[in-house]
Amino acid sequence: MKNLINAEIDTTSRPDDRGFFGEYGGSFVPEELQKVMDEVAAKYEEISQDPTFVQELANLHEHYTGRPSPVTFAANLTKAVGGARIYLKREDLNHTGAHKINHCLGEVLLAKRMGKRKVIAETGAGQHGVALATAAALMGLECDIYMGEVDVMKEAPNVSRMKILGAKVIPVKTGTRTLKDAVDEAFKAYLKDPVNQIYCIGSVVGPHPFPMMVRDFQSVIGVEARGQMLQMTGRLPDDVVACVGGGSNAMGIFSAFLDDEDVKLYGVEPGGMGLDTGAHAASLTMGRPGILHGFRTILIQDDKGEPLPVYSIASGLDYPGSGPQHCQLHDIGRVEYTTITDREAVEAFYALSRMEGIIPALESSHAVAYAVKLAQELDGDRNILVNLSGRGDKDIDFVMHNYPLVEYEPDEKSTSSYKEFLSHIQQVRH
Ligand SMILES: *Cc1c(COP(=O)(O)O)cnc(C)c1O
C-alpha cells in the first residue's frame, strides 16, 4: 500500500523496519513505552494509506492553516546583496506563525483516531506548544506543554497564547531549563500514562515512528515549493537552505528535492557565540554519534555520552542532537551542514525586516543569513530557495532590547549599503 501523505516524495528515504536511517534513529525506550510506539507506528501506517484521513488533513491545511503558503521573490534583498536570486517559502504566513502547525494537525488527528484524551509535548521557543495547543483546541483534546523556565521567561507572549488556547504550561526547572530538559520532563510524564495521553514530538526527533511521521507531515512544504518554483522560474531551485534545530522544517523542504542531484541542499545550524566558544548548538557540525531521547543521533556530548548544555539565540534551535535522517544525509554528504552565529542571524533579522517588510523568526534568520552569504558567492543566474520557517513577532522585544539599532536615520536607507546598515546594530548582550 502507498503512503498517501508523502506520495510525492522520494520513496527511498523510508527508514528500515526498525526505524533506522542508516545507523541513526531506531527506538531506544523502556519496554512499556516501546509497546506504545509500536501502536503509534501501526496506526500511522494505517492512516497514511487512508484517503479519508489524508483528505481531512488536506482540508485543514487549506481552510484552517491557509496553505499553500506562497513563495516570495526577495527582490530588494537580492539587489542589496548582489549575486544569486533569493526566494522565500513563506511558512511564516501559516496560522500560528510557523511550519509547526503542519505536523501538529497531523499528530492531533492521529491522537483522535487512537482515542487519546490528552496530547502532551515539549516546546522551546513556544512555537510547537502554541501550534499543538491550537490543534488541540480545534479538535477538543486536553493539552499539557512542558517548557524550560528560561524559555518561559524569554517567550512570554507564547506562554500567554498557550494558556488562552486552553493548554496547561508546565515550567521545567531542571538542567539548563531549556528545550532538552523540557523533552526529558515530557517523556517522564508520558511514561506515567501512555494509555490516555500521546506525546506529540515537536520535530523529526525521538523514537521511531516520529522522525518519519513528522517528516511526512512536513513534506507538504517541499512538495508545494517545488511546484511553485517551477511555475515562477521555469526550473527547480539551484540551492535550498533551511535552519536545523531538530530538523523538521528542513526535512519538510528537503524531502521533495532529495532525488534531484543538481539541487544543492544546505542545513544551517546555530553557531551561537561561535563554535570555538562552546556556546552553540551545532550538533551535526561538532557532535559524535550517541543516544538521546530514545533515538540514535549525532550528539553534542561529554566523555560519558551525556548530552552537554547547548546554546542558541533562537530557542527553537537550542537542541544537542538532530533528526536521524539529517545525520544520515550528513554522513552521505547529500546535505551540506553549515553554521551561522547569533550576530549574523540578528543582522539577517533586521535586513529582511527593513528590505522586504518581513520580520523573520530568529530561527529562520539563520537560514536567511546563510542564503545571503551564499548569494554573495554565487552568480546572478542561480536561484536560492530559503525556507522561512516562521515569523519573528515572538522575538521583537528580545532583539530590540539586546541588539538595538543606534544612530540610524531612515533616510540613509537609499544610500547605505547592506554592510553599512548592519554596522548600526549595537550589541548590548554578551
Ligand atoms: C521550532 C522552530 C524551528 C526549529 O525546528 P525544526 O524542527 O528544526 O524545524 C525553526 N523555525 C521556527 C520558526 C520554529 O518555530
Side-chain angles (χ1 to χ4, degrees), residues 69 88-104 107 121-132 134 145 147-148 151 154-155 157-158 161-162 178-180 182-183 200-206 210-211 213-215 217-222 241-255 266-270 281-284 293 297 310 312-327 329 335 337 340 345 348-349 352 358-370 386-396:
S69 64
L88 309 168
K89 175 61 173 164
R90 303 290 307 279
E91 293 301 295
D92 60 309
L93 293 178
N94 294 340
H95 178 46
T96 70
H99 67 290
K100 295 215 171 67
I101 191 74
N102 300 334
H103 70 247
C104 286
E107 286 180 326
E122 83 296 341
T123 196
Q127 294 301 98
H128 178 58
V130 169
L132 192 66
T134 300
I145 300 294
M147 187 173 190
D151 294 329
K154 194 166 149 196
E155 311 284 356
N158 272 346
R161 279 186 196 102
M162 287 184 267
T178 55
L179 184 56
K180 183 209 151 267
V183 180
C200 294
I201 295 176
S203 188
V204 286
V205 299
F210 283 95
M213 188 167 84
V214 172
R215 188 252 345 245
F217 286 141
Q218 288 295 346
S219 65
V220 65
I221 303 174
V241 182
C243 65
V244 179
S248 65
N249 86 87
M251 275 325 305
I253 198 159
F254 290 168
S255 57
Y266 298 90
V268 186
E269 296 199 289
S283 51
L284 292 161
H293 298 146
T297 180
V310 288
S312 167
I313 191 175
S315 307
L317 301 182
D318 203 348
Y319 189 68
S322 298
Q325 198 174 358
H326 282 292
C327 301
L329 293 167
V335 178
Y337 292 91
I340 281 292
F349 173 94
L352 199 70
I358 298 170
I359 303 176
L362 280 173
E363 289 80 4
S364 324
S365 300
H366 286 71
V368 175
Y370 189 70
V386 180
N387 196 11
L388 202 72
S389 53
R391 68 174 88 117
D393 303 33
K394 65 185 177 58
D395 299 314
I396 52 178

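Each ligand, and each atom within it, is numbered from 1 in the order the structure gives. Note that the numbering runs from 1 along the sequence shown for the chain.
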Novice: If you look at every heavy atom in E122 and G202, which pair is closest and at what distance?
Specialist: OE2-N, 3.1 Å

Novice: Give a yes/no verdict on whether any heavy atom in G247 is under 4.0 Å from an atom of ligand 1.
Specialist: yes

Novice: Looking only at heavy atoms, what is the nearest atom pair of G124 and S315, with distance?
Specialist: C-CB, 3.8 Å

Novice: Quick test of your reading of the model: are K394 and E363 salt-bridged, counting only N-O distances below 4.0 Å?
Specialist: yes

Novice: Is the shortest distance from a heavy atom of H99 to ligand 1 less than 4.0 Å?
Specialist: yes

Novice: Considering the heavy atoms of S203, write down every atom of ligand 1 situated less than 4.0 Å from one of them.
Specialist: 6 (P), 7 (O)

Novice: Quick one: look up the protein heavy atom nearest atom 4 (C) of ligand 1 and list residue, atom name and how far away it is.
Specialist: G316 O, 3.3 Å

Novice: Taking both backbone and side-chain atoms of S248, is any N or O found less than 3.5 Å from an N or O belonging to ligand 1?
Specialist: yes

Novice: Judging by distance only, is a nitrogen or oxygen of G245 under 3.5 angstrom from one on ligand 1?
Specialist: yes

Novice: Anything under 30° is parallel, anything over 60° is perpendicular, the rest tilted; go ahead and classify Y266 against Y370.
Specialist: tilted

Novice: Below 4.0 Å from any atom of ligand 1, is there a heavy atom belonging to H128?
Specialist: no

Novice: Work out which heavy atom in S248 is nearest to a heavy atom in H99; give both atom names and the distance.
Specialist: OG-NE2, 3.0 Å

Novice: Just which atoms of ligand 1 are under 4.0 Å from any heavy atom in G390?
Specialist: 13 (C)

Novice: Can you sort out which atoms of ligand 1 are near C243, meaning under 4.0 Å from one of its heavy atoms?
Specialist: 10 (C)

Novice: For ligand 1, which atoms, with element, lie under 4.0 Å from some heavy atom of Q127?
Specialist: 15 (O)

Novice: Please classify the K100 to ligand 1 contact at 4.0 Å (heavy-atom distances, strictly less than): side chain, backbone, both or neither.
Specialist: side chain

Novice: Specify side chain, backbone, both or neither for S389, according to which of its non-hydrogen atoms lie closer than 4.0 Å to ligand 1.
Specialist: both

Novice: Tell me if the aromatic rings of Y319 and H293 count as close, with their centers under 6.0 Å from one another.
Specialist: yes

Novice: Any N/O of G246 closer than 3.5 Å to an N/O of ligand 1?
Specialist: yes

